[in-house]
Amino acid sequence: MSRAYEIVGQPNINGKIKVQGSKNSALAIIVASLLTKDVICLENVPNIADVLELLKIIKKLNCPVSFLKNNLIIDASNITYQSLLFPEIKSFRASYYFVGAFLTLFNKVEIFLPGGCKIGKRPIDQHIKGLTSLNVNLCLTNDILRANSLDIIGNEIKLDIASVGATVNLILTSLNANDKTIIKNAAKEPEIIDLVNFLKQIGANIIGEGTNTIIIYPIKKFHKANYKIMPDRIATGTYLLYGALFAKKLTLTNINTMDNYALINALISLGAEMNIRKNSITIYKLNNFDKLQIKTDVYPAFPSDLQQIMSTFLFSGQGISLIEETLFENRFTFLEEISKMNGKFLIIDNKALIIPSKFKSGVVSCNDLRGGAALLLACLMASGTSILKNVEYIERGYENIIEVLQNINVNIKEIELHEA
Ligand code: EPZ
């Protein structure tokens with residue numbers, strides 16, 4: 001037996017969504033909060049599977065947690081070192097943030113390599129390059145990384161790729177090095193800014209966040225603080241695209257509109273009607289639109305995490321759209337499922353041509369988080385009732401998505417599939 005969603009296409013979306021807190025910021029900040037060895041209160045933490053998996057690991061480190069209505073309290077005052085060879089480590093990507101946190105806390109770490117969506121090879125060579133230059137000894141055997149350093153030495157690191165994960169890990173590792181660390185070609189994503197804002201709240205001395213050069217001045221001790229996680233810009237973009245196709249009127253609140261600059265620009269270029277304010281957006285459905293050329297890249301360019309949902313959206317265009325995915329080499333696999341719904345496309349290397357198509361209802365399966373959100377949109381676009389399988393992928397990153405969509409007049413419900 002497996003869980004699935006039954007979705008009736010062509011909804012008349014109407015209403016409001018208070019957008020969840022950011023998955024990708026919350027995961028980094030929750031791990032960073034351990035550095036205080038004190039009690040930390042975090043607000044606006046999304047109640048999603050990846051966060052719950054992370055909290056299972058944290059509880060194994062002798063850190064009691066309380067997580068109610070998006071408020072998370074972690075007591076890290078008696079945190080104890082453990083080898084991080086738990087199965088949960090392999091169930092999501094952000095578990096590798098323990099590398100930086102444990103090197104700062106314990107000067108050592110032993111951890112399974114992380115899991116995460118199969119959207120590409122997702123190597124960790126940039127993490128290794130940076131850690132090595134910080135005088136960390138590393139040993140990678142099979143799928144276990146062992147690292148230690150009695151003397152983390154601040155250094156200048158130039159990343160070959162503006163990797164979000166490597167930037168996070170290297171910031172966490174260098175926080176109490178023996179001298180300052182400069183990270184060049186650092187990731188500029190809003191989630192990095194949110195992490196650094198949190199770290200400053202607990203006493204860190206960092207400048208340059210949001211630019212491609214971040215400088216971390218070492219400090220010896222951190223202190224407790226309360227912090228509110230930033231809004232989830234990918235959930236915002238997801239619901240914005242759902243609304244752009246089906247909303248009589250859809251208002252998104254609790255957002256940082258500026259974080260979705262690239263998507264908003266793309267929607268404006270298609271003629272979308274929106275009321276845009278600093279922390280909310282109202283969107284009305286686009287009755288017809290032509291086509292787009294989208295090239296994903298690091299922030300502030302169009303985000304790879306919205307590529308699959310935008311690609312699906314563009315099947316409703318009148319012209320042929322071109323999508324170029326530059327970050328991950330395997331982020332078009334969801335299109336194989338869309339072909340079962342009569343979606344027509346052509347993939348050439350890292351480019352996809354999206355050919356206007358009328359989707360027919362069907363049974364499709366998620367195989368990654370954002371591809372799952374894209375297939376949910378495809379089910380909304382289809383005429384008739386569709387079944388979406390492997391919905392656990394979606395629930396890794398979208399909080400209460402069934403309730404959120406039902407509240408804006410979408411006919412969606414969870415069903416149990418008894419597979420032969
Ligand atoms: C983070 O993944 C996000 N995940 C991803 O969101 C997001 O797509 C990605 O950043 C890019 O914005 C979390 O924050 C938990 P990267 P991360 O390191 O850190 C290559 C979602 O759906 N690379 O910036 O893994 C890598 O292969 C997820 O919420 C190396 O080559 O992304 C990729 O092509 C999916 N070597 C590119 O860089 C390295 O050492 C960007 O990866 C590290 C990365």
Side-chain angles (χ1 to χ4, degrees), residues 20-32 46 48-51 53-54 89 91-100 113-133 138 140 145 157-173 183 185-195 212 229-230 232-238 259-260 262-263 296-310 324-331 333-334 350 366-374 393-399:
Q20 69 185 65
S22 165
K23 165 177 88 80
N24 292 344
S25 178
L27 294 171
I29 288 174
I30 289 170
V31 174
I48 54 176
D50 275 12
V51 165
E53 279 298 281
L54 177 54
I89 293 282
S91 64
F92 62 114
R93 180 83 180 161
S95 58
Y96 62 7
Y97 294 154
F98 282 109
V99 173
L113 288 181
C117 289
K118 305 259 178 304
I119 50 179
K121 287 192 290 295
R122 305 187 83 176
I124 61 164
D125 58 300
Q126 297 301 302
H127 301 244
I128 301 293
K129 169 182 179 174
L131 292 170
T132 306
S133 59
L138 294 150
L140 186 53
L145 174 66
I157 304 163
K158 184 166 181 350
L159 294 176
D160 304 320
I161 295 171
S163 157
V164 170
T167 301
V168 170
N169 247 333
L170 296 173
I171 289 173
L172 296 180
T173 305
I183 304 174
N185 196 24
K188 299 185 285 189
E189 272 67 9
E191 292 78 15
I192 299 290
I193 298 174
D194 210 32
L195 169 67
N212 57 16
I229 303 293
M230 66 175 266
D232 192 310
R233 62 190 170 101
I234 306 303
T236 301
T238 302
D259 291 346
N260 284 96
L263 171 63
T296 67
D297 205 339
V298 296
Y299 190 84
F302 193 92
S304 175
D305 288 352
L306 286 176
Q307 177 267 101
Q308 296 151 299
I309 304 148
M310 174 57 95
E324 184 176 358
E325 171 58 65
T326 69
L327 257 72
F328 293 102
E329 59 275 26
N330 194 23
R331 210 162 194 174
T333 45
F334 75 105
N350 69 328
C366 308
N367 55 19
D368 67 81
L369 163 56
R370 306 302 175 184
Y393 281 106
I394 296 179
E395 295 167 355
R396 285 189 48 202
Y398 291 91
E399 182 181 75

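All of these numbers come straight from a predicted model, not from anything done at the bench. Read the numbers this way: they start at 1 and go in the same order the structure lists the ligands and their atoms.
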Self-check item: NZ/NE/NH1/NH2 to OD/OE distance under 4.0 Å, Asp50 and Arg396
Solution: yes
Just need the protein heavy atom nearest to [atom], so name the residue and atom and give the distance.
{"atom": "atom 39 (C) of ligand 1", "value": "Pro123 O, 3.1 Å"}
{"atom": "atom 36 (N) of ligand 1", "value": "Asp125 OD1, 2.7 Å"}
{"atom": "atom 26 (C) of ligand 1", "value": "Phe328 CE2, 4.2 Å"}
{"atom": "atom 37 (C) of ligand 1", "value": "Leu327 O, 3.9 Å"}
{"atom": "atom 40 (O) of ligand 1", "value": "Gln126 N, 2.7 Å"}
{"atom": "atom 3 (C) of ligand 1", "value": "Asn24 ND2, 3.7 Å"}

Using a 3.5 Å cut-off on N or O atoms only, is [X] in polar contact with ligand 1?
{"X": "Asp305", "answer": "yes"}
{"X": "Val164", "answer": "yes"}
{"X": "Ile161", "answer": "no"}

Checking [X] side chain against [Y] main chain: does a donor-acceptor pair fall under 3.5 Å?
{"X": "Ser25", "Y": "Ser22", "result": "no"}
{"X": "Glu189", "Y": "Ile192", "result": "no"}
{"X": "Asp368", "Y": "Cys117", "result": "no"}
{"X": "Glu399", "Y": "Ile48", "result": "no"}
{"X": "Asp232", "Y": "Lys23", "result": "yes"}

Where does [X] meet ligand 1, judged by heavy-atom distances below 4.0 Å: at the side chain, the backbone, both, or neither?
{"X": "Arg93", "value": "side chain"}
{"X": "Ile119", "value": "side chain"}
{"X": "Arg370", "value": "side chain"}
{"X": "Ser304", "value": "neither"}
{"X": "His127", "value": "both"}
{"X": "Lys129", "value": "neither"}

Quiz item: Which pairs with one or both residues in residues 116-127 pass salt bridge (Lys or Arg N to Asp or Glu O under 4.0 Å), sequence neighbours excluded?
Solution: Lys121-Glu329
Practice problem: Give a yes/no verdict on whether any heavy atom in Tyr96 is under 4.0 Å from an atom of ligand 1. | Solution: yes
Self-check item: Gln308 vs Arg331, side chain to side chain donor-acceptor pair (under 3.5 Å): CA-CA, chis, key distance, verdict
Solution: CA-CA 7 Å; Gln308 296 151 299; Arg331 210 162 194 174; 3.1 Å; yes
Quiz item: Under 3.5 Å, is there a donor-acceptor pair linking the side chains of Thr296 and Gln307?
Solution: no
Quiz prompt | For Leu159, side chain to side chain contact (heavy atoms under 4.5 Å, CB included) partners two or more places apart | solution = Gln126, Ile157, Ala166, Thr167, Leu170, Ile183, Asn185
Quiz prompt | Nearest-option assignment for atom 18 (O) of ligand 1, heavy atoms, candidates Ser163, Gly120, Ala162 | solution = Ser163
